[in-house]
Amino acid sequence: MFDKAEIKVKAGGGGNGAVGFRREKFVPYGGPDGGDGGSGADIVVRAEVSVDSLRGYRNKRSYRAESGQNGGGSRKHGRNGGDLILAVPPGTIVTTFSEDGTYYLLADLEKAGDEVVAAIGGRGGWGNTHFTSSTNQAPHIAQRGENGEERAIRMEMRLIADVGIIGYPNAGKSTLLAAASEAKPKIASYPFTTIEPALGVVEIGLETFVLAEIPGLIEGAHRGRGLGHEFLRHAIRTKILIHMVSGDSDSPVDDMMRVNEELNLYDLSLAQKPQILALNKIDLNEVQECLDGIKKEFSGTGIKAHYISAATGQGVPELMADVLKVLKTKTHGVDREEPSVKVFRPQPRESGFTVSRVGEEFVISAPDLERIFAGAGATPADIRWQLNHQLSRLGVKKVLEKAGAKAGDKIRCGELTWEW
Ligand SMILES: Nc1nc2c(ncn2[C@@H]2O[C@H](COP(=O)(O)OP(=O)(O)OP(=O)(O)O)[C@@H](O)[C@H]2O)c(=O)[nH]1
Ligand SMILES: [Mg+2]
């Protein structure tokens, strides 16, 4: 079972704005009519019922969305790119990670229809019609489209089981799963037989629930020892836990407490899930002999336990009936209130600017301004005048003057350099 994928996504870039003028008889430049560029497409990760694994993302690791088209004359707006939808199974968690290895959560796509924009498409650039003013009727500048966002994302699918079986290796989790459902997990007398969560459907009369073996849980699992770290996240989705301890252990009560401590260290919500304790292997003579002592110890802790033999099936129907009873109280309680479909929206990008002095030049860094470019046929004087005009419009002029810029000083912004 494949339940994790790491991919690269790149949203579409915005189309460039156009520098264009209406053609009119005897007027060298009719009014400006350069259209805006179209927006680049977003990359959206969406949970869909028709998808049941992340397997498809194992081979293709890199995704690009369509770019927006450039604007044209006659105010023709460039076509927007169509969003690229990456379908994943419900229960997928999307995280993104930066180069320094920090992960942060983008979204938890719990149900079908939940979606998140994993990479935002670039905005289209403004055509020259946006740069007119009362004093400048023939702007020769336009704006390039923004680059599409590029990200590395990780998608992880959480199993959605109602009930998880936890416990040390060899406790008999697989044996119980096999006894209670049609599942046929591998059973063997050595630890770590099960290396991936195994699922089965338990039927009781007309009612069913999904039971999952959460394998590999040992001390230090929360720090990545054993396999526990890999799988504890699956347990987070379950509503209740069957905590299995082996009756032939030196101290079943200690085992139980140590596993609970692991849960606590991994995630508090896991530790707070209702647990049903199942002491296993009561068919063994050695367990029978000390069963009274074990029962006393457990009742001393106030915990109600089921005493079972997963191998012979003794006590298993009673255990499952009890599980179903607790499950029903959980399902009809607060957990039932399903929120409506969630759509995660990324933060809008920052605009704004900074001015710094680099040697003789004043350098303006401003995402929106840096994308301004000069159209063909513009004279340097035109450009200088128009750019300076834009700077004052955006309030950059004041900041430049404060920084000491005087007429004739060199200003640089993106690829353009001109005189103040
Ligand atoms: N006598 C007896 N043996 C059992 C019982 N339940 C499980 N076993 C044995 O205990 C061993 C481990 O059982 P599994 O079901 O593989 O245990 P597990 O908890 O799934 O172990 P891992 O997957 O390795 O973590 C096997 O040899 C089983 O046959 C039981 O009720 N009685
Ligand atoms: Mg197992």
Side-chain angles (χ1 to χ4, degrees), residues 1 3 159 161-202 210-235 238 240-263 266 270 273 275-295 298 305-323:
M1 192 186 64
D3 64 351
L159 293 179
D162 302 300
V163 182
I165 313 173
I166 56 164
Y168 275 134
N170 253 344
K173 300 181 295 297
S174 297
T175 311
L176 178 63
L177 181 64
S181 74
E182 295 280 301
K184 293 181 182 61
K186 192 174 170 199
I187 295 167
S189 59
Y190 51 86
F192 302 115
T193 310
T194 311
I195 53 169
E196 285 185 336
L199 292 178
V201 177
V202 179
V210 177
L211 183 62
E213 172 182 6
I214 311 291
L217 194 53
I218 55 169
E219 275 180 284
H222 72 281
R223 281 184 272 112
R225 271 193 72 204
L227 307 161
H229 192 69
E230 280 283 295
F231 302 125
L232 279 174
R233 65 196 154 84
H234 294 304
T238 62
I240 63 176
L241 299 171
I242 296 177
H243 191 152
M244 205 166 196
V245 282
S246 181
D248 64 356
S249 137
D250 292 341
S251 169
V253 173
D254 281 358
D255 283 4
M256 177 200 71
M257 292 201 292
R258 263 186 246 131
V259 168
N260 277 339
E261 182 58 16
E262 273 316 307
L263 298 187
Y266 181 80
L270 248 182
K273 274 191 204 302
Q275 281 191 8
I276 295 178
L277 194 79
L279 185 117
N280 192 28
K281 309 195 186 179
I282 57 165
D283 58 290
L284 294 175
N285 282 334
E286 48 185 294
V287 178
Q288 279 299 333
E289 279 160 20
C290 44
L291 200 55
D292 284 343
I294 296 173
K295 283 185 177 170
F298 274 113
H306 282 262
Y307 297 88
I308 67 163
S309 166
T312 67
Q314 191 186 347
V316 173
E318 292 84 352
L319 171 65
M320 291 302 149
D322 204 13
V323 166

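Keep in mind the model is a prediction, meaning the values are calculated, not measured. Each ligand, and each atom within it, is numbered from 1 in the order the structure gives.
Lys173 N, 3.4 Å is the protein heavy atom nearest to atom 18 (P) of ligand 1. At the top of the distance list for atom 8 (N) of ligand 1, counting protein heavy atoms only, stands Lys281 CE, 3.7 Å. Of the protein's heavy atoms, Asp283 OD1, 2.7 Å lies nearest to atom 32 (N) of ligand 1. With hydrogens left out, the protein atom closest to atom 24 (O) of ligand 1 is Thr193 N, 2.7 Å, a heavy atom. For atom 23 (O) of ligand 1, the closest non-hydrogen atom of the protein is Thr194 OG1, 2.8 Å. Atom 12 (C) of ligand 1 has its closest protein heavy atom at Asn170 OD1, 3.0 Å. The single protein non-hydrogen atom nearest to atom 17 (O) of ligand 1 is Gly172 N, 3.1 Å, given as residue, atom name and distance. When hydrogens are left out, the protein atom nearest atom 28 (C) of ligand 1 is Ile187 CG2, 3.6 Å; that is the closest non-hydrogen contact.
The closest side-chain heavy-atom distance from Tyr168 to Arg258 is below 4.5 Å. With a 4.5 Å cut-off on side-chain heavy atoms, His243 and Asn260 count as touching. Contact check for Ile276 versus Leu319: side-chain heavy atoms found under the 4.5 Å cut-off. Counting heavy atoms from C-beta outward, Gln314 and Ile308 have side chains that stay 4.5 Å or more apart.
For the pair Asp248 (side chain) and Leu284 (backbone), a donor-acceptor distance under 3.5 Å is absent. Lys273 contributes a side-chain N or O that, together with a main-chain N or O of Thr238, makes up a donor-acceptor pair within less than 3.5 Å.
Remark: ligand 1 and Ser309 share an N or O pair separated by less than 3.5 Å (distance only, no angle test). At a 3.5 angstrom cut-off on N or O pairs, Pro169 does not count as close to ligand 1. Distances between N or O atoms of Leu284 and those of ligand 1 include no value under 3.5 Å. Considering backbone and side-chain atoms together, Asn280 places an N or O closer than 3.5 Å to an N or O of ligand 1. For the pair Ala311 and ligand 1, the shortest N or O to N or O distance falls below 3.5 Å.
Taking every heavy atom of both residues into account, Gly172 and Ala310 meet most closely at O-CB, 4.2 Å. Residue Lys281 comes nearest to Ala171 through the heavy atom pair CE-O, 3.6 Å, listed as atom of the first residue, atom of the second, then distance. Listed here is the closest heavy atom pair of Gln288 and Ile282: NE2-O, 2.7 Å. Of all the heavy atoms in Ala183 and Gly200, the pair that sits closest is CB-CA, 4.0 Å.
The part of Ala188 lying near ligand 1 is the backbone, judged by heavy-atom distances below 4.0 Å.
Every atom of ligand 1 is numbered from 1 in the order shown, and the set under 4.0 Å from a heavy atom of Ser174 is 15 (O), 18 (P), 20 (O), 23 (O). Below 4.0 Å from some heavy atom of Tyr190 lie the following atoms of ligand 1, by number and element: 24 (O). For ligand 1 and Thr175, the ligand atoms under 4.0 Å from any heavy atom of the residue are 6 (N), 7 (C), 13 (O), 14 (P), 15 (O), 28 (C).
For Glu213, the N, O or S atom with the smallest separation from the Mg ion (ligand 2) is OE2.
The Mg ion (ligand 2) has an N, O or S atom of Ser174 closer than 2.8 Å.
Distance CD/Glu213 to OG/Ser181: 10.5 Å, rounded to 0.5 Å.
Screening Asp162, Val323, Ile242 for a side chain to side chain contact (heavy atoms under 4.5 Å, CB included) involving Leu211 leaves a single residue, Ile242.
Ligand 1 does not have Pro215 within reach: every non-hydrogen atom of the residue lies 4.0 Å or more from it. At least one heavy atom of Glu213 sits under 4.0 Å from some atom of ligand 1.
Counting only N and O atoms by type, the side chains of Asp283 and Thr312 include no donor and acceptor under 3.5 Å apart.
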